[in-house]
Each structure stands twice: as C-alpha cells, then as structure tokens.
Amino acid sequence: MKLVFATNNAHKLQEVSAILGDKVELLSLKAIGCNDDIPETADTLEGNALMKARYIHERYHCDCFADDTGLEVEALNGAPGVYSARYAGVAHDSEANMQKLLKELNGKENRKARFRTVIALILDNKEYLFDGIVNGEIVKEKRGGSGFGYDPIFVPEGETETFAELGEEKKNLISHRARAVQALQEFLNRG
Ligand code: ITT
C-alpha cells in the first residue's frame with residue numbers, strides 16, 4: 001500500500017516510516033513534487049491534521065495522512081498545545097521554544113506535561129482520526145542530543161531520561177506519535 005505522509009518535517013517522516021515498517025510504502029511530499037508550506041491555521045490538533053491531509057488530497061488525489069502534535073503543560077493550562085511549533089514567535093525554532101517554556105515554568109513545582117499526536121487519514125475519499133498520548137514531565141535543563149523539537153526537556157512517565165537521551169528506537173516504542181501510528185496501523189491491517 002502507498003500512502004503519502006503530508007509533512008515537511010524530515011524527523012517525523014523517519015520516525016513514522018521506522019514504526020510502519022515494510023507493509024506501507026510511505027511517500028514524502030517531495031516524492032509527489034509538493035514543495036508547499038501547507039497551512040495549519042486551525043485552533044485544534046484535529047483541525048490542523050485534517051487541514052494538512054485535505055490540502056494534499058484535494059490537489060494530488062492520493063491516499064494520505066498528516067499528523068499534528070502538541071506539548072500540553074498542565075501548569076500552563078495546556079500551552080503551548082496546538083501552538084507548539086511557534087511558541088516563541090518564530091515557527092520551528094526549537095531552541096527558542098524550549099527556552100521560553102523553561103522560563104514560563106521557572107519556580108513552578110508542577111512540571112507535568114503530555115505530548116498528544118492526532119493523525120488524520122484520508123483513504124478511499126473517507127476521513128479517519130487517530131490519536132496517541134504520552135504523559136511525562138518537563139525537566140529544568142536540556143539533556144540529550146537525539147530526536148527533535150521539545151525532546152531534550154521531556155521525560156516520559158516511568159523513565160528518568162529525556163526523549164533526546166533515550167534515543168530514537170526507545171522513543172518509537174513509547175511516544176505519542178508511535179501510539180497514534182500504531183492505531184493507524186491496526187486500522188490499515190483490519191482493512
Ligand atoms: P509538519 O510539517 O508535519 O506540520 P511540524 O514540525 O510543524 O511538521 P507539528 O506542527 O506537528 O510539526 O508539531 C509542532 C511542534 O511540536 C514541532 O515543531 C516540534 O517543535 C514539536 N514536536 C512535534 N512532535 C514532537 C516530538 O515527537 N518530540 C518533540 N517535539 C515535537
């Protein structure tokens with residue numbers, strides 16, 4: 001089966017293709033000749049995931065899926081949430097985003113947070129949603145060099161190391177995206 005993954009984030013593409021394995025041939029946006037910066041202006045993860053998947057489906061008429069992920073911090077009433085990519089103002093500046101988050105949490109005892117991923121799939125012209133959550137907490141200083149985004153400051157529940165210290169293989173067993181992709185995979189296997 002061929003599926004387009006509507007993302008411009010190379011880390012995500014790598015993570016998801018490692019999880020899905022050989023059964024699904026994952027095509028990148030580049031592979032279908034799309035170089036657009038797909039708008040994600042909805043105010044929910046579900047809305048953004050659907051917006052990205054519909055954008056590709058309407059223009060390329062292919063089966064496809066997109067994900068949207070947010071880091072929801074309890075002491076900040078769920079922020080940065082759907083605005084995780086541009087929390088510090090400039091989109092995709094992970095360093096600035098992490099520094100802002102650490103500053104906002106400075107002096108706060110409650111460091112609880114969760115990553116939530118929503119996947120929107122369009123298959124045979126029908127839309128489906130899947131989600132995955134991992135609970136954890138925000139540490140006080142960045143640790144580790146693998147992964148991307150907020151990985152260096154997030155420790156998943158039951159672990160002592162950050163996602164960036166745990167490494168890709170371990171992250172892919174327990175992460176928000178892994179859980180959402182597993183739900184997608186189970187759905188595809190049933191069909
Ligand atoms: P798309 O092209 O797929 O939209 P993106 O990088 O904009 O890629 P999202 O909107 O889904 O991705 O994610 C928002 C931000 O949340 C992203 O820029 C990262 O900083 C962060 N993020 C997403 N997934 C993450 C993960 O697994 N680990 C750490 N940070 C993550």
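Atoms within each ligand, like the ligands themselves, are counted from 1 in listed order. Any value given below was found using the heavy atoms of this structure, including those in side chains, with hydrogens, waters and symmetry copies removed. The chain is numbered in sequence order, starting from 1. What you see is a predicted model; the values in this text were computed from it and never measured.
The nearest heavy-atom contact from the protein to atom 30 (N) of ligand 1 is Y150 N, 3.0 Å. For atom 6 (O) of ligand 1, the closest heavy atom belonging to the protein is N9 ND2, 3.0 Å.
Proximity annotation for atom 8 (O) of ligand 1: of R86, K12, H11, K12 comes nearest, heavy atoms only. Summarising the contacts of atom 5 (P) of ligand 1 with K52, M51, H92, the nearest heavy atom is found in H92. If you check each of G81, S84, G147, G149 against atom 19 (C) of ligand 1, the one with the closest non-hydrogen atom is G149. Between F148, Y87, F154, F163, it is F148 that holds the heavy atom closest to atom 31 (C) of ligand 1.
Donor-acceptor pairing under 3.5 Å is recorded for the side chains of T69 and R177.
Checking only distances, T69 does come within under 3.5 Å of ligand 1, N or O to N or O. The distance criterion of under 3.5 Å between nitrogen or oxygen atoms is not met by E15 with respect to ligand 1.
Under a hydrophobic-cluster definition in which Ile, Leu, Val, Met, Phe, Trp and Tyr are linked whenever side-chain heavy atoms come within less than 4.5 Å, directly or via other members, V24 and L13 are assigned to the same cluster.
Atoms of ligand 1 lying under 4.0 Å from any heavy atom of E40, numbered from 1 in the order shown and given with element: 4 (O), 7 (O), 10 (O). Within ligand 1, the atoms closer than 4.0 Å to a non-hydrogen atom of H176 are 25 (C), 26 (C), 27 (O), numbered from 1 in the order shown. Residue F115 has at least one heavy-atom neighbour below 4.0 Å for each of these atoms of ligand 1: 28 (N), 29 (C), 30 (N), 31 (C). Interface of D151 with ligand 1, defined as ligand atoms under 4.0 Å from a residue heavy atom, comprises 26 (C), 28 (N), 29 (C). Near T7, the atoms of ligand 1 lying under 4.0 angstrom from a non-hydrogen atom of the residue are 1 (P), 2 (O), 3 (O), 8 (O). Listed by number with element, the atoms of ligand 1 under 4.0 angstrom from any heavy atom of K171 are 26 (C), 27 (O), 28 (N). Taking every non-hydrogen atom of N8 and a distance limit under 4.0 Å, the qualifying atoms of ligand 1 come out as 2 (O).
The environment of K12 atom NZ is dense: over 12 non-hydrogen atoms of other residues, nucleotides or ligands sit within 6.0 angstrom.
For the atom pair L166 CG and N172 CG, the distance stands at 11.5 Å (nearest 0.5 Å). To the nearest 0.5 angstrom, I56 atom CD1 is 11.0 Å from H61 atom NE2. For the atom pair CG of D36 and NZ of K52, the computed distance is 14.0 Å after rounding to the nearest 0.5 Å.
One finds no salt bridge joining K112 and E157 here, because no Lys/Arg side-chain nitrogen approaches an Asp/Glu carboxylate oxygen to under 4.0 Å. R111 has no carboxylate O lying under 4.0 Å from a charged side-chain N of E74, or vice versa, which leaves the two without a salt bridge.
In this structure, D68 has a heavy atom closer than 4.0 Å to ligand 1.
Within the 4.5 Å cutoff, side-chain heavy atoms of L26 are placed close to those of L20.
K171 pairs in a salt bridge (Lys or Arg N to Asp or Glu O under 4.0 Å) with only one of the listed residues (E161, E15, E159), which is E15.
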